[in-house]
2 protein chains.
Amino acid sequence: MADIEPTSAPAFTCGLDATLRIIAGKWKPLIVYFLAQGPCRYGELRRAVRGVSDKMLIQQLKELEAEGIVRRTDHKEVPPRVDYTLTPLGHSLAEALAPLCVWGSDNMAAVARVLAERETWSR
Amino acid sequence: MADIEPTSAPAFTCGLDATLRIIAGKWKPLIVYFLAQGPCRYGELRRAVRGVSDKMLIQQLKELEAEGIVRRTDHKEVPPRVDYTLTPLGHSLAEALAPLCVWGSDNMAAVARVLAERETWSR
DNA sequence: CAGTATCCTAGATGATACTG
DNA sequence: CAGTATCATCTAGGATACTG
């Protein structure tokens, strides 16, 4: 069969689909949302996003940078100092994420209950 | 506030974290968002959420049902007729998802470009 | 401090075939 | 039509150790 376009035209089913391809994963939304509160250094971010490993954090940051969501600034100092900021695009994404944050807060009890049940039948 | 359960106590870092634990995955947001446009039958949904397999669709629907996001109605007919609706909680979630949908539409070109680049360096 | 480099596993996803 | 049941795959994510 013939190869489809090199660019392949993902042809998103909708805007949500497109967004998900960017922020899918366990950490990206959290990183973006935390950075929305202001620029921050690597170590700070690492502490803020609880549970993330160096490997994952760096990997996600690089992707976000390539995606134009985050900007990395290396101050070329010793000891190293690097900070991360949202680009304007990143800020707009963070704003779009805000309602999910609110929803989670509003329904935190329900969410916790659901997760507890999942534990139950996976044991 | 005090800990409720000493055992699991997920202790979300924020509302966004909580939300993500519910809708993580490739399909759930799309399912919820499509159902927001009205109740629909299994087959319809299957066609709407492009690329999903029976296995995944059913699995995600069951989880969403257990989570109180979706309601399943079996009309007990032959041939089978089953439809799926959002619960009020589901609707509120869909509303929280809407901005992501808009963001994706607004930035679809940028997103497509990013995905194309990913293809490039993964080959 | 801010990363790299390996190795490894669980769980998420996919393909295919079958059924009431 | 609306699912189940298996098997195969894949890759996101985690553990650990090391470095400029």
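By convention in this document, chain letters (A, B, ...) are assigned in the order of the sequence lines, proteins followed by strands, and residues within each chain are numbered from 1. Basis for what follows: all heavy atoms, side chains included, without hydrogens, waters or symmetry-related copies.
- Applying a 4.0 Å cut-off to non-hydrogen atoms, the residues of residues 47-57 of chain B that approach DNA chain C are B:K55, B:M56, listed by residue number.
- A salt bridge (Lys or Arg N to Asp or Glu O under 4.0 Å) check over residues 77-105 of chain A, counting only residues at least two apart or in different chains, returns the pairs A:E77-A:R81.
- When heavy atoms are screened at a 4.0 angstrom cut-off, A:R41 is found touching the sugar-phosphate backbone but no base atom.
- When the side-chain hydrogen bond (donor to acceptor under 3.5 Å, both in side chains) test is applied to A:R50, no partner is found at least two apart in sequence or on another chain.
- Proximity of B:I23 to B:I69: side-chain heavy atoms (C-beta onward) are nowhere separated by under 4.5 Å.
- From the 5' end on, the contacts that DNA chain C makes with chain A at under 4.0 Å to a non-hydrogen atom open and close at C:dC1 to C:dC7.
- A side-chain donor-acceptor contact under 3.5 Å links A:T87 to the backbone of A:G68.
- Taking the side chain as every heavy atom from C-beta outward, A:W27 and A:L57 never approach each other to under 4.5 Å.
- Nucleotide D:dA12 holds its C1' atom 15 Å from the CG atom of B:L20, rounded to whole Å.
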Report all side-chain donor-acceptor pairs from residues 96-110 of chain A shorter than 3.5 Å, counting only partners two or more places apart or in another chain.
{"from": "A:W103", "atom 1": "NE1", "to": "B:S92", "atom 2": "OG", "distance (Å)": "2.8"}
{"from": "A:S105", "atom 1": "OG", "to": "A:C101", "atom 2": "O", "distance (Å)": "3.1"}
{"from": "A:N107", "atom 1": "ND2", "to": "A:W103", "atom 2": "O", "distance (Å)": "2.8"}

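- By the side-chain hydrogen bond (donor to acceptor under 3.5 Å, both in side chains) test, B:D54 is found to be paired with B:Y42, B:R46, residues two or more places apart in sequence or in another chain being considered.
- Partner A:Q60 forms a side-chain contact (heavy atoms from CB on, under 4.5 Å) with one of A:V32, A:I31, A:L30 and no other, that one being A:I31.
- Residues of residues 24-39 of chain A having a heavy atom closer than 4.0 Å to DNA chain C: none are found.
- For the pair A:Y33/B:T13, no side-chain contact is recorded, criterion being any heavy-atom separation below 4.5 Å from C-beta on.
- How far CG of A:L64 is from CG of A:L89: 10.5 Å, rounded to the nearest 0.5 Å.
- Residues satisfying the side-chain contact (heavy atoms from CB on, under 4.5 Å) criterion with A:T85, sequence neighbours excluded, are A:P39.
- B:E67 is linked by a side-chain hydrogen bond (donor to acceptor under 3.5 Å, both in side chains) to A:R118, B:K28, counting only residues two or more places apart in sequence or in another chain.
- For A:Q37, the side-chain hydrogen bond (donor to acceptor under 3.5 Å, both in side chains) test picks out no residue, with sequence neighbours left out.
- Annotation: proximity of residues 70-83 of chain A to DNA chain C (heavy atom, distance under 4.0 Å) is found for A:R72, A:P80, A:R81, A:V82, numbered in ascending order.
- How far CD1 of A:I58 is from CD of A:E65: 10.0 Å, rounded to the nearest 0.5 Å.
- D:dG14 atom C1' lies 13 Å from atom CD of A:Q60, rounded to whole Å.
- With contacts defined as side-chain heavy-atom distances shorter than 4.5 Å, the pair A:L20/B:K26 does not qualify.
- Two end axes, each from the C1' atoms of five base pairs, can be drawn for the helix from C:dC1-D:dG20 to C:dG20-D:dC1; they diverge by 60°, to 10 degrees.
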